[in-house]
Protein chains: 2
Amino acid sequence: MAASGHVTTSPDPARALELLSHSPIFGGAAPAALRPLAALGRFRTLRRGDVLFRSGDILETLFLVSSGSVRVYRVVRGGTRELTLHVEGPRQLVAGASVFGGDDPAPAHAVALQTPTEVLCLPAASVREQVFGTPALAAAVIAALARRQAELLARLEELVFSELGERLAVYLLDHAAAPHALPPNSDLAALLGTVPELVSRKLGEFYRLGLIELERRQVRVLDRAELERLAGRRGR
Amino acid sequence: MAASGHVTTSPDPARALELLSHSPIFGGAAPAALRPLAALGRFRTLRRGDVLFRSGDILETLFLVSSGSVRVYRVVRGGTRELTLHVEGPRQLVAGASVFGGDDPAPAHAVALQTPTEVLCLPAASVREQVFGTPALAAAVIAALARRQAELLARLEELVFSELGERLAVYLLDHAAAPHALPPNSDLAALLGTVPELVSRKLGEFYRLGLIELERRQVRVLDRAELERLAGRRGR
DNA sequence: CGGTGAGTTGACACCGGTCAAAGACCGTGG
DNA sequence: CCACGGTCTTTGACCGGTGTCAACTCACCG
């Protein structure tokens with residue numbers, strides 16, 4: 001199990017302000033509006049696999065990734081399957097919808113993907129107060145939520161209507177521009193909405209077709225044009 | 001094609017204010033904050049099938065359903081399939097995310113489901129100005145977007161991980177508490193993310209199992225307990 | 001009475017998931 | 001240095017749900 005008992009957090013208002021003012025959400029606000037938030041922030045350092053929160057938790061904290069990355073996912077089918085909703089990197093928000101959406105419990109789990117991953121923890125109540133009272137911040141948060149919603153919609157459509165080969169091709173084109181270390185098949189499966197066995201099969205198939213090169217989990221795209229065709233940048 | 005050339009709109013500040021102040025989104029604001037919006041609103045009356053907007057339109061209008069209902073859906077697979085995202089009834093918002101999410105084009109189509117359907121059209125720029133500057137409104141809009149996001153998430157999970165029988169059972173339990181006129185199978189298919197043939201099969205199956213009664217498109221639930229079991233309100 | 005559209009039903013193909021077994025890789029400890 | 005154990009990956013066999021195509025029925029309407 002991930003270490004959950006003992007966590008280290010530390011304040012650092014200067015770095016917090018730096019991070020806040022460079023994030024897409026809070027960047028639009030005047031430093032004066034951000035200073036009180038920065039003073040309340042606590043940095044927390046995680047290792048790969050460490051749990052940020054669990055589905056069902058009542059969140060009183062908003063997280064802003066400082067370095068590393070955080071994977072947000074749901075566990076379904078009685079725990080037999082996982083679906084990764086998104087992976088957030090530096091300057092991105094985690095748990096935005098939960099914190100602002102009333103006091104509903106979190107709908108997903110969040111764990112660190114890398115060692116180290118550092119997040120800035122902000123108390124929800126203060127964030128809300130500050131955001132609602134600052135038009136520029138309110139606008140930015142609303143825009144961020146709207147964008148996230150559009151992403152979810154695209155993801156929904158992809159998962160429901162396109163088949164595995166297409167989704168994998170999209171992934172490869174998005175992530176493997178340069179030679180790239182492939183995540184474990186179980187992670188890929190969670191991302192693509194399937195199971196590790198099928199990821200293995202499809203990768204093998206792409207390899208046999210000469211579309212990619214596979215060497216000890218390093219992939220390289222060989223036939224970008226064909227992959228894009230498979231990815232469904234097709235004209236029907 | 002739906003009549004799109006000629007539309008009638010009319011202002012009615014008193015009714016608009018009434019509608020706004022009773023909607024879940026704007027209800028939290030002081031009447032003083034809503035009056036300027038109400039003055040800018042225009043009511044528009046639609047018949048079944050009339051188009052409110054199309055995917056790709058740049059929306060400069062926010063819609064609030066006054067009566068009737070509006071279906072928001074995406075067309076996929078080169079036009080061969082539709083997926084209904086949600087159906088909004090009175091006092092509900094349509095196009096919220098698009099209006100607040102920047103100047104991206106609308107990601108979905110919207111048409112009226114009933115005759116008549118009346119919507120209040122509000123100019124996006126004014127709405128934004130008013131919302132961002134009023135903390136109570138900003139909070140309500142953010143909460144609404146967050147809730148919508150949670151709904152989308154649940155829908156995604158349902159569509160990806162549960163099978164058709166479960167989804168149909170859920171639909172029947174949600175919509176056919178009392179005897180109820182079933183929509184055309186093509187509409188049901190769009191709602192459930194499948195094709196009319198399969199809806200027909202599953203309905204027939206439920207009928208043969210004695211779970212529902214079917215008489216000229218009127219359904220009645222006979223065995224609620226069994227339907228709920230099928231719907232996956234199952235343990236674990 | 002013929003035409004049109006929706007609903008129904010059968011045959012069939014295919015994708016995706018499950019289970020099980022075998023192989024590759026990597027660490028630890030003898 | 002090698003043997004061992006665990007995890008991840010690969011592969012085969014198999015099954016079931018879903019989508020497609022086509023034929024047929026039925027109701028409604030001119």
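Only this structure's heavy atoms are used, side chains among them; waters, hydrogens and symmetry mates stay out. Chain naming here is simple, since letters A, B, ... match the order of the sequence lines and numbering starts at 1 in each.
In this structure, Arg81(A) fails the cation-pi test against Phe161(B), since its NZ or CZ atom is not both closer than 6.0 Å to the six-membered ring centre and inside 45 degrees of the ring normal.
For the pair Leu203(A) CG and dT10(D) C1', the computed distance is 11 Å after rounding to whole Å. Protein atom CD of Glu166(A) is 14 Å distant from nucleotide atom C1' of dC14(C), rounded to whole Å. Per the geometry, NZ belonging to Lys202(A) stands 11 Å off P belonging to dG17(C), to the nearest Å. One can place CG of Leu164(B) at 11 Å from C1' of dG19(D), the figure rounded to the nearest angstrom. The interatomic distance linking Arg167(A) (CZ) with dG16(C) (P) rounds to 6 Å, in whole Å. For the pair Arg77(B) CZ and dT18(D) P, the interatomic distance rounds to 14 Å; values are reported in whole Å. Note: CG (Leu214(A)) to P (dA24(C)) measures 16 Å, nearest angstrom. Distance CZ (Phe161(B)) to P (dT18(D)): 14 Å, rounded to an integer number of Å.
The phosphate of dC26(D) has neither OP1 nor OP2 within less than 4.0 Å of any side-chain N or O from Arg216(B). Phosphate proximity of dC26(C) to Arg217(A): absent, as no side-chain N or O sits under 4.0 Å from OP1 or OP2.
The aromatic rings of His180(A) and His175(A) are tilted relative to each other, their planes meeting at an angle between 30° and 60°.
Against DNA chain D, the stretch residues 190-201 of chain A makes heavy-atom approaches under 4.0 Å through Glu197(A), Ser200(A), Arg201(A).
Not one N or O on the side chain of Arg44(A) forms a donor-acceptor pair closer than 3.5 Å with the backbone of Thr117(A). Arg48(A) places a side-chain N or O within donor-acceptor distance of the main-chain N or O of Leu113(A), the cut-off being under 3.5 Å. Formation of a donor-acceptor pair under 3.5 Å by the Asp187(B) side chain with backbone atoms of Pro184(B) is not found in this model.
The stretch residues 217-226 of chain A participates, sequence neighbours left out, in these salt bridge (Lys or Arg N to Asp or Glu O under 4.0 Å) pairs: Glu213(A)-Arg220(A), Arg224(A)-Glu228(A), Glu226(A)-Arg229(A).
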